[in-house]
S.K.: 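Shown below is the structure under consideration.
Below, each value reflects all heavy atoms present in this structure, side chains not excepted, and no hydrogens, waters or symmetry copies. Every chain is numbered from 1 and lettered A, B, ... according to where its sequence line falls, protein lines coming before strand lines.
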2 protein chains.
Amino acid sequence: MCVDTSLKGTLHRRGLRMTPQRQLVLDAVRDLGHATPEQVCTQVQAVAPAVNITTVYRTLDLLEQLGVVQHAHLGHGAPTYSEHEHRHVHLVCHSCGKVDEAPTELLSAVSERTLTERGFRLDATHVALSGTCADCAARREADSDDPDADDGAGTTETPEGGP
Amino acid sequence: MCVDTSLKGTLHRRGLRMTPQRQLVLDAVRDLGHATPEQVCTQVQAVAPAVNITTVYRTLDLLEQLGVVQHAHLGHGAPTYSEHEHRHVHLVCHSCGKVDEAPTELLSAVSERTLTERGFRLDATHVALSGTCADCAARREADSDDPDADDGAGTTETPEGGP
DNA sequence: CTCCTTGCAAATGATTTGCAAAAAC
DNA sequence: GTTTTTGCAAATCATTTGCAAGGAG
């Protein structure tokens, strides 16, 4: 093997240092699949309570620069981190917040089209597709035909029609 | 039958009141196409400097509940608001931050597929597709063609504007 | 006149930064 | 021993909230 894929090797090649915190953060990201910095921190602190959230933020940043992890924006505020190898498209339900994953090839046709028509190179892994998951769609349909009651602030009525 | 589409009418139907601030915020959203609360605020304050950003946030929230505007998450932190009628898919360059728009039908095939395969109802208007725009792709290619290994750690380049 | 809205200031929540102590090499 | 990393606390940024004054119906 010419290329050392271990975290230690990747760090050393850049003159950076291996620390338990860095390994823990990477483990947490791998473990959680896709997680916010806070979730990663919680996971890390389950093993090493002394680890500060600041370190988690810094380490996630570093690991991303190293190409070991990547982040995606799921719609609301929090970015989520996952392994760089673990490429997928996120499907986020904006009703219940559930995050599902789909293969990146789901968007390959779209990707081709944006490239051809606009020269826009779509990055499927950073994409979060918003919508309503099956469960929530069923719940809504059963409840009433309310096409877009976002957070149900008390108003049951939405007079908007089609264009 | 005759649905009053004016802001005043929409408000009155709910027992809410028409104010100059509300009209200004709506005008700004329409004017800007897709804008963050801060950008909306700046636009509004160009006409009425006394309007507070708090009011802008509250008004955008209200207008969204009324179905008059909607927000989309473009990837980084700031949500952007646009008219509900003005439905489009956002194409965000995560290198230069430029926002382009595409017709929603760009995702119709994907939408159908997620619905059939998973019961997931895609909301194309809340979607922001991330990628690299034509200009930035050209710039990168000229620099060096390294599509997968997103190094950039030691280089002078900062791919994301950063908060 | 009554209740909705606004503006201000302070609270909140997430992320960042400066710096001295601790750890890695 | 030298340089990188960490932990803490304070700073920052965007957004929200409480409350009294102001404005719409």
S.K.: Does B/Asn52 make a side-chain N or O approach to OP1 or OP2 of C/dC8 shorter than 4.0 Å?
M.R.: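 Indeed, a polar side-chain atom of B/Asn52 lies that close.
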
S.K.: Would you give the length of the straight line joining atom CZ of A/Arg14 to atom CG of A/Leu66, rounded to the nearest 0.5 angstrom?
M.R.: 5.5 Å

S.K.: What is the separation between atom CD on A/Glu38 and atom C1' on C/dT12, rounded to the nearest whole Å?
M.R.: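 So the two atoms are 13 Å apart, to the nearest Å.
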
S.K.: Between A/His73 (NE2) and D/dA14 (C1'), how many Å, whole number?
M.R.: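 In whole Å, D/dA14 C1' lies 15 Å from A/His73 NE2.
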
S.K.: Could you check how far CG of A/Leu11 sits from C1' of C/dC25, rounded to whole Å?
M.R.: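 One finds 13 Å between C1' of C/dC25 and CG of A/Leu11, rounded.
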
S.K.: Would B/Leu106 and A/Leu129 show up in the same hydrophobic cluster when neighbours are defined by side-chain heavy atoms closer than 4.5 Å?
M.R.: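 Yes, same cluster.
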
S.K.: Do A/Gln70 and A/Thr125 have side-chain atoms, one donor and one acceptor, less than 3.5 Å apart?
M.R.: yes

S.K.: Establish, with yes or no, whether the OP1 or OP2 oxygen of C/dC4 is under 4.0 angstrom from a side-chain nitrogen or oxygen of B/Arg14.
M.R.: no

S.K.: Please state how far atom CG in B/Leu62 lies from atom P in C/dT5, giving the value in whole angstrom units.
M.R.: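 These atoms are roughly 7 Å apart.
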
S.K.: Whole Å only: how far is the CG atom of A/Leu66 from the C1' atom of D/dT4?
M.R.: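 My rounded result for the distance is 14 Å.
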
S.K.: In chain order, what residues pass the side chain to side chain donor-acceptor pair (under 3.5 Å) check against A/His86, with sequence neighbours excluded?
M.R.: A/His88, A/Glu101

S.K.: Whole angstroms only, please: what is the CG-C1' distance between A/Leu24 and C/dA23?
M.R.: 15 Å

S.K.: Report yes if some heavy atom in the side chain of B/Arg121 is under 4.5 Å from a heavy atom in the side chain of B/Leu115; otherwise report no.
M.R.: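 A side-chain contact exists here, since the closest heavy-atom pair is under 4.5 Å.
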
S.K.: Has the side chain of B/Glu64 got a donor or acceptor atom that lies under 3.5 Å from a matching backbone atom of B/His71?
M.R.: yes

S.K.: In whole angstroms, how far is the C1' atom of D/dT4 from the CD atom of A/Gln21?
M.R.: 12 Å

S.K.: Take nucleotides 16-25 of chain D nucleotide by nucleotide from the 5' end and write B, S or -, depending on whether a protein heavy atom sits under 4.0 Å from the base, only from the sugar-phosphate, or from neither.
M.R.: BBB----BBS

S.K.: Just the rounded figure in Å: distance from C1' of C/dA14 to CG of A/Leu60.
M.R.: 14 Å

